[in-house]
**Student:** 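The following block contains the structure, expressed as structure tokens.
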Protein chains: 4
Amino acid sequence: MSGSVNKVILVGNLGRDPEVRRLNSGEPVVSLRIATSETWKDKNSGERKEKTEWHSVVIFNENLARVAEQYLKKGSKVYIEGQLQTRKWQDQSGAEKYTTEIVLQRFRGELTILDSRGSASDDHQRGDAADQRRADGIGSGGGLNDLDDDIPF
Amino acid sequence: MSGSVNKVILVGNLGRDPEVRRLNSGEPVVSLRIATSETWKDKNSGERKEKTEWHSVVIFNENLARVAEQYLKKGSKVYIEGQLQTRKWQDQSGAEKYTTEIVLQRFRGELTILDSRGSASDDHQRGDAADQRRADGIGSGGGLNDLDDDIPF
Amino acid sequence: MSGSVNKVILVGNLGRDPEVRRLNSGEPVVSLRIATSETWKDKNSGERKEKTEWHSVVIFNENLARVAEQYLKKGSKVYIEGQLQTRKWQDQSGAEKYTTEIVLQRFRGELTILDSRGSASDDHQRGDAADQRRADGIGSGGGLNDLDDDIPF
Amino acid sequence: MSGSVNKVILVGNLGRDPEVRRLNSGEPVVSLRIATSETWKDKNSGERKEKTEWHSVVIFNENLARVAEQYLKKGSKVYIEGQLQTRKWQDQSGAEKYTTEIVLQRFRGELTILDSRGSASDDHQRGDAADQRRADGIGSGGGLNDLDDDIPF
DNA sequence: TTTT
DNA sequence: TTTT
């Protein structure tokens, strides 16, 4: 159809470390599990309530997949832009299932890291400045190198 | 979690007429089935290809539900803004299923009619100017009345 | 700054035909003037009111510039995605002026044509099917050709 | 015009503390100055470059204005959703000027605080957990009170 | 199941 | 004027 738009914008936190698969071509495909949540105060009880929604994100965009692999981990806060896609599959019993994912296709979508720590629940979180510069993708010093051209943030 | 965003933006066409349920309170809840699609030219075969994605939209926002009920029908083109929500349910065999929908909560979301054919809930779609003005929500003449205050487009 | 987003989404109509300039490289740069408007009913007078906002859009994205040049004209309805940019300039008297535009940079932004007529106020609007297919970018028949690979809708 | 959308989405940092004016009605109107920026590596020189864009945001939405007043300050990172609006005015010499702003109208727009330092209107930014919970709008303990119902994050 |  |  001409004239259609299919866009999802999420700001949320990773519930676990990114999962990386490789295509036959060697390109990484990264899956993220992202939580968004809303809080409100119940009109009746006066209690503060919270509802969390979990989103499955799949990154085929090669540059963004590499950024996700290198810089994201459990707890990271990200801005994500992708499109909705529903896949049909069969579980082990042969039952039909549908899964809806936010997909960042090749050359499409956006990913922006919103925290400068890079991590929340990491045991080994180093806080030194060099590490920080790497995590923010602005390190031009030694080491980041071939990824450096593509860092989109 | 503080600081999260969960937003879907769709521009697409209705695959069928809106479905209207009533809450116990009498408020309408409208379900839409919306198609978005992409076309591209296959690099190898040179063929033009198309992939259509179907989206389930549920409108709890009362004003927008009434607009959807009155003005949308199969084929209508709309701009929709809502949030992702995944529901768990059981089919008749007791198997667990998940369905992801774009939800327009009470007082939230947006719906804008993008074609000017518009007017629905009507077997006799007239093309006259008055009808058009109603379909565009700018009719101030007789008849539209109590909905008139709320028309969001 | 790491972690920033600058995004504008417009759905509106062209107030005049696109203006096309050429860079030294020969690439087209297309400027659009787009109207969005809101209508509401005045609480006191009960009158229906309307306010129109005009937006200046500049398309550096080469593929989208060519689509705009070929398919858009006064009255066309479009979905546009770009970023805000404010330019400082001097008028003939030397006074400082600022202009804020929605810019679609090279390889960035989106443009989707939302009407299938392509035009509103054209004297020569042909309505034949072939013309229609071209206007919607899905014509694979004769003539569209070298643009055909890039048509983004 | 029916069927239009005018939406701006920003993620950026405040360049200075919010400015608060009061309407005759006593409602606060808050102005923000927000920076977004892009960095890239120059193809030729290999240098890392950065371009910052500054945005003027005006919040008429009463709840969001109060949140901005209470929780934002220079350096805060926010997600903002509003609409473009261009105002004409005259400088002291009588020259015509235009200013384009991102406006959050009454009952419209969104504001989400993205950093957890957050808490403002306070010279003594404490880092304790209770303070953090308030800054994140999830504090249900004593003290936040009348704003508490409206906190949108 | 839409639209082109 | 921010942020990295």
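Proteins come first, then strands; the chains are lettered A, B, ... in the order of their sequence lines, and each starts at number 1. Quick caveat, the model's predicted, so the values are computed rather than measured.
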**Student:** Please name the pair of heavy atoms, one in D/Pro28 and one in D/Ala65, separated by the smallest distance, quoted to 0.1 Å.
**Tutor:**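 Scanning both residues completely, I find the closest heavy atoms to be O-CB, 3.5 Å.
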
**Student:** Distance check needed: F/dT3 P versus D/Ile34 CD1, whole Å only.
**Tutor:**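 Value for this atom pair: 13 Å.
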
**Student:** Please determine whether a side-chain nitrogen or oxygen atom of D/Lys74 lies at a distance below 4.0 Å from atom OP1 or OP2 of F/dT2.
**Tutor:**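 So the side-chain polar atoms of D/Lys74 do come within 4.0 Å of the phosphate oxygens OP1 or OP2 of F/dT2, strictly under.
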
**Student:** Round to a whole Å and report the spacing from CG of D/Leu114 to P of F/dT3.
**Tutor:**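 One finds 15 Å between P of F/dT3 and CG of D/Leu114, rounded.
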
**Student:** Whole-Å distance between F/dT4 P and D/Glu53 CD?
**Tutor:**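 Taking CD of D/Glu53 and P of F/dT4, I get 20 Å after rounding.
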
**Student:** Nearest whole Å is fine: how far is F/dT4 P from D/Lys51 NZ?
**Tutor:**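 From D/Lys51 NZ to F/dT4 P: 21 Å.
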
**Student:** Can we say D/Glu47 and D/Lys41 salt-bridge, meaning some charged N sits less than 4.0 Å from an Asp/Glu carboxylate O?
**Tutor:**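 Here D/Glu47 does not pair with D/Lys41 in a salt bridge, since their nearest N and O are not under 4.0 Å apart.
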
**Student:** A/Val78 pairs by side chain to side chain contact (heavy atoms under 4.5 Å, CB included) with which of A/Leu72, A/Asp115, A/Thr112, A/Val11?
**Tutor:**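 Of the listed residues A/Leu72, A/Asp115, A/Thr112, A/Val11, the side chain to side chain contact (heavy atoms under 4.5 Å, CB included) partner of A/Val78 is A/Leu72.
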
**Student:** Does NZ belonging to D/Lys43 count more than 12 external heavy atoms closer than 6.0 Å?
**Tutor:**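 Count not over threshold, so no.
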
**Student:** Can you check whether B/Trp54 stacks with the E/dT2 base, using ring centres under 5.5 Å and planes within 30°?
**Tutor:**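 By the stated criterion, B/Trp54 and E/dT2 do not stack.
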
**Student:** For A/Asp115 and F/dT4, give me the distance from atom CG to atom C1', rounded to whole Å.
**Tutor:**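 Value for this atom pair: 13 Å.
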
**Student:** B/Asn13 CG to E/dT4 C1': how many Å, rounded?
**Tutor:**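 Distance, rounded to whole Å: 9 Å.
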
**Student:** Measure from CG on D/Leu14 to P on F/dT4 and round the result to the nearest Å.
**Tutor:**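 It is 14 Å, rounded to the nearest whole Å.
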
**Student:** Look at the side chain of D/Arg33 and decide which nucleotide, out of F/dT1, F/dT2, E/dT3, has an atom nearest to it.
**Tutor:**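 Of all the options, the side chain of D/Arg33 is nearest to F/dT1.
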
**Student:** Choose from F/dT1, E/dT4, F/dT2 the nucleotide whose nearest atom is closest to any side-chain atom of D/Arg16.
**Tutor:**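 That would be F/dT1.
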
**Student:** Atom CD of D/Glu50 to atom P of F/dT1: distance rounded to whole Å?
**Tutor:**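 So the CD-P distance, D/Glu50 to F/dT1, works out to 15 Å.
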
